Amino acid sequence: MYIYDSVKKEKREFIPLEANKASLYVCGPTVYDDAHLGHAKSALVFDLLTRVLRAYGYDVTYARNITDIDDKIIKKAKEQNKTIKEITDFYTEAFHKEMSSIGVERPDIEPKATESIDAMIELIQKLLDNNHAYTTPDGDVYFDTQSDSEYLTLSHRIQDEDERQERVESSGYKKNQADFALWKSVHDDSISYDSPFGKGRPGWHLECSAMIEKHLAKPNTQYAVDIHGGGADLLFPHHENEAAQTRCATNHALANYWMHNGFVTIDGEKMSKSLGNSFFLKDALREYDGEVLRFYLLSTHYRSNFNFNTQDLESAKKRLDKIYRLKKRLFGLTHNEERTPFQKKLLEALGDDLNISAALALIDEMVTHANETLDTAGKHKVLKRETLANLAYIEKVLGFGVKNPYEYFQFGVDEATKAKINTLIATRNEAKKAKDFERSDALRDEILALGVQIMDTPQGTFWEKV
RNA sequence: GGUGCCAUCGCCAAGUGGUAAGGCCGCAGCCUGCAAAGCUGCUAUCCCCAGUUCAAAUCUGGGUGGCACCUCCA
């Protein structure tokens, strides 16, 4: 399997630290607001990566954190007159629910920042002991970027000479402008934790390093984890700082492979709070089946930026529909797991840095071939068996086609309408039987007016929401 | 201003030196009472200019255009 390493900037063969095992850490959400499509994209990308690694036979340990202590959370809690925990519990649960509806499996480990304070304090203490951090008179602890000769090697940034030397005064007690807080002292009655450095809260970058040490890192390895992932915007400063902390506090570097997913944009612009163009996942889920969103968001290579629009979403849906229609044709048949050449090719495509386009093209060809054979030789047992095995494989590795195919096509149709449609179809079939085509066509138009397309097949008349 | 990424059919999108995958849309046909679905066929020389090479969408240089990071951000 090959992975594009966004730090080394090249595709590299994946060689794990420990044979047959793979550890993966991904920066998760700060739970103070609803997840938007960008969060969905990131979660989907690493969900796919995990599935592919497992398909390759790796025993994967996947950790994704929940940041549940942060200034923004505190601000929101104050605004809504709620406790921090009420806020974070609410958004954590919403996050889980929404991710689940787009087929994202739960990570193996989901550490919360508030449950890892000890590990963070331990890490800060090590950095202080190693002279990679310093305390300020007002009780903050900063990482000393000048003490780390490898600082900025991750993001390939060139340190600005002006920044280095000039602004010591303007940044309080910081030695260098680039230094970042490991511990922010708290002097008022807002939420804080006790520490050897005084009451305070952990810095933003610290928790990931601490949690990786606590949950994933193995002693005496060159890297703490095999793969570290996150959104492209996290490379600097977040990952740069994480890497610096880990490198300076422990005897290993943070990650062997770095993976960064591209952004979801709307009208060509990155979604952001300040632009007011966020598209929340919960809103999208009201209009579209979660799996359609999964398929659409995953249909472009993970490193590319992704411009969201409903026209493209519709055309992605039509592509997914074809998988489900094939499922319908084979509905009710049982099958066993079976390896086919198709599956091998599919995995090879995905193993090439998650080349989803190549994988989807293979699926399209498989579906077309299966339909063609079913059209001409409906009783082709081997084909049916292999196709079912292939569809099951697609479900497992890509998470496409996991639903009941009939229900999939009925998304957003309420029970009363369903009953009405079934009645109309029954009436139409009677008219058809009596060869009263004028009536049957009129009934079909009536059904179409409900936003439903019907299709007559040898197995009966089926309908799909348009 | 600094750094980096990108530019392939109407739209989405693979392809990193050997002569352009796939999907959507469109057109023609098969099937169908008619449709829908399914199937078959048709549709690009790769932003511009120059260079390297037997050979470039793919490498180099120069343009033009778009985006991102440098501040919280998936």
Side-chain angles (χ1 to χ4, degrees), chain A residues 6 9 11 26-30 32-33 35-46 64 67 70-72 152 155-163 178 204 229-238 240 260-265 268-275 278 295-296 299-307 309 311-322 325-326 328-329 349 352 355-365 367-376 409 432 435-438 440-441 444-445 447-448 452-458 461-464 466:
Chain A
S6 45
K9 293 178 185 282
K11 220 182 259 186
V26 175
C27 295
T30 301
Y32 72 103
D33 205 349
H36 60 221
L37 295 176
H39 295 105
K41 170 86 181 176
S42 184
L44 284 166
V45 164
F46 294 103
R64 183 184 60 204
T67 299
D70 179 275
D71 288 355
K72 287 189 287 273
L152 298 181
S155 57
H156 307 291
R157 218 157 277 272
I158 299 155
Q159 187 139 39
D160 191 326
E161 287 298 321
D162 295 340
E163 253 185 13
W204 172 42
D233 50 353
L234 295 180
L235 181 55
F236 187 87
H238 185 54
E240 184 73 59
H260 291 94
N261 63 276
F263 297 112
V264 177
T265 59
E269 286 196 313
K270 184 181 168 184
M271 275 189 281
S272 77
K273 291 276 153 55
S274 53
L275 287 169
S278 293
F295 188 93
Y296 174 48
S299 67
T300 296
H301 187 81
Y302 76 92
R303 275 189 279 126
S304 307
N305 282 353
F306 187 97
N307 192 233
N309 71 70
Q311 288 72 35
D312 293 345
L313 189 153
E314 292 294 345
S315 90
K317 179 185 179 301
K318 286 178 182 168
R319 206 173 183 181
L320 178 60
D321 286 351
K322 293 170 79 162
R325 291 206 187 97
L326 179 59
K328 276 209 290 198
R329 292 187 80 167
D352 181 16
N355 189 335
I356 191 78
S357 289
L360 292 181
L362 286 167
I363 292 174
D364 289 329
E365 282 160 16
V367 170
T368 298
H369 174 252
N371 275 323
E372 191 186 355
T373 310
L374 252 25
D375 280 352
T376 54
F409 284 111
K432 260 180 66 181
K435 302 235 186 282
D436 184 354
F437 295 124
E438 207 169 308
S440 96
D441 288 353
R444 180 167 60 200
D445 288 343
I447 295 167
L448 197 60
V452 168
Q453 182 70 253
I454 59 174
M455 37 210 37
D456 298 322
T457 77
T461 301
F462 299 113
W463 61 271
E464 295 180 1
V466 178

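Chain identifiers are assigned alphabetically (A, B, ...) following the order of the sequence lines, protein sequences preceding nucleic acid strands; residue numbering begins at 1 within each chain. Treat the numbers as computed from the prediction; the structure is a model and nothing was measured.
Between the P atom of B/rC31 and the CG atom of A/Leu374 lies a distance of 19 Å, rounded to the nearest Å. Between the P atom of B/rA36 and the CG atom of A/Asp445 lies a distance of 12 Å, rounded to the nearest Å. Regarding A/Lys432, its NZ atom lies at a distance of 14 Å from the P atom of B/rA36, rounded to whole Å. When the P atom of B/rG22 is taken as reference, atom NE2 of A/His369 falls 16 Å away, rounded to whole Å. Atom OH in A/Tyr32 sits roughly 11 Å away from atom C1' in B/rA74 (whole-Å rounding). Rounded to whole Å, atom P of B/rG10 lies 22 Å from atom CD of A/Glu314. For A/Trp463 and B/rA37, the CH2 to P distance is 16 Å, given to the nearest whole Å. The interatomic distance linking A/Asp436 (CG) with B/rC34 (P) rounds to 16 Å, in whole Å.
Among the protein residues, A/Ser440 comes within range of the nucleic acid bases, having at least one heavy atom under 4.0 Å from a base atom. If you check every strand for non-hydrogen atoms under 4.0 Å, A/Ser304 touches sugar and phosphate atoms only. Backbone-only engagement by A/His301 is indicated by non-hydrogen atom pairs under 4.0 Å involving sugar-phosphate atoms exclusively. Using a 4.0 Å heavy-atom distance criterion, A/Phe263 is classed as a base contact. In this structure, A/Gly38 reaches the bases: a heavy-atom distance under 4.0 Å links it to at least one base atom across the strands shown. A/Asp441 comes within 4.0 angstrom of a nucleotide base, judged by non-hydrogen atoms across all strands. Among the atoms of the strands shown, base atoms are found under 4.0 Å from some heavy atom of A/Ile454. Nucleic acid contact for A/Phe236: sugar-phosphate only, since backbone atoms but no base atoms lie under 4.0 Å from a heavy atom of the residue. Nucleic acid contact for A/Val26: none, since no nucleic acid atom lies under 4.0 Å from a heavy atom of the residue.
Judged by distance alone, with hydrogens and angles left aside, A/Asn355 brings no side-chain donor or acceptor close enough to the base of B/rG15 to form a pair under 3.5 Å. A donor-acceptor contact under 3.5 Å links the side chain of A/His36 to the base of B/rA74. Side-chain N/O atoms of A/Arg325 and base N/O atoms of B/rA37 include no donor-acceptor pair closer than 3.5 Å. Residue side chain A/Arg444 reaches the base of B/rC34 through a donor-acceptor N/O pair under 3.5 Å, judged by distance alone.
When distances are taken from the side chain of A/Thr300 to each of B/rG22, B/rC72, B/rA14, the shortest belongs to B/rA14. Checked against B/rU40, B/rG33, B/rG22, the side chain of A/Glu372 finds its nearest nucleotide in B/rU40. Closest to the side chain of A/Lys72, from the set B/rA37, B/rG38, B/rC72, is B/rC72. Of all nucleotides listed (B/rC34, B/rC67, B/rA13), B/rC34 comes nearest to the side chain of A/Asp456. Checked against B/rC39, B/rA36, B/rA74, the side chain of A/Gln453 finds its nearest nucleotide in B/rA36. The listed nucleotides are B/rU40, B/rG2, B/rG23; the one nearest the side chain of A/Arg157 is B/rG2.
The main-chain N or O of A/Glu365 is never found under 3.5 Å from a side-chain atom of A/Thr368 such that the two would form a donor-acceptor pair. The closest donor-acceptor contact from the side chain of A/Asn305 to the backbone of A/Phe263 lies under 3.5 Å. Looking at A/Tyr32, its side chain never comes within 3.5 Å of a backbone N or O of A/Asp71 through a donor-acceptor pair.
Residues A/His301 and A/Ile356 approach most closely at N-CG2, 3.8 Å, considering heavy atoms. Heavy-atom minimum distance, A/Ala43 versus A/Arg64: CB-NH1, 3.9 Å. In terms of heavy-atom proximity, A/Gly231 sits nearest to A/His260 at O-CD2, 3.3 Å.
Base pairing of B/rC25 is not made with any nucleotide, judged by Watson-Crick or G-U wobble geometry with both donor-acceptor distances under 3.5 Å.
When each of A/Asp321 and A/Asn305 is assigned the nucleotide of RNA chain B with its nearest heavy atom, A/Asp321 is the one assigned upstream, toward the 5' end. Judged by closest nucleotide on RNA chain B, A/Ser315 is the one of A/Cys27 and A/Ser315 placed further toward the 5' end.
Taking atom P in both B/rA13 and B/rA7, one finds a spacing of 10 Å when rounded to whole Å. B/rG61 sits 15 Å from B/rU3 when the P atoms are compared, rounded to a whole Å. With C1' as the reference atom, B/rU58 and B/rC6 are 15 Å apart, rounded to whole Å.
When the side-chain nitrogen and oxygen atoms of A/Lys318 are compared with OP1 and OP2 of B/rC25, one or more of them lie within a distance under 4.0 Å. An OP1 or OP2 oxygen of B/rU3 is reached within less than 4.0 angstrom by no side-chain nitrogen or oxygen of A/Ser155. The phosphate of B/rC24 (OP1 or OP2) has a side-chain N or O of A/Lys322 nearer than 4.0 angstrom.
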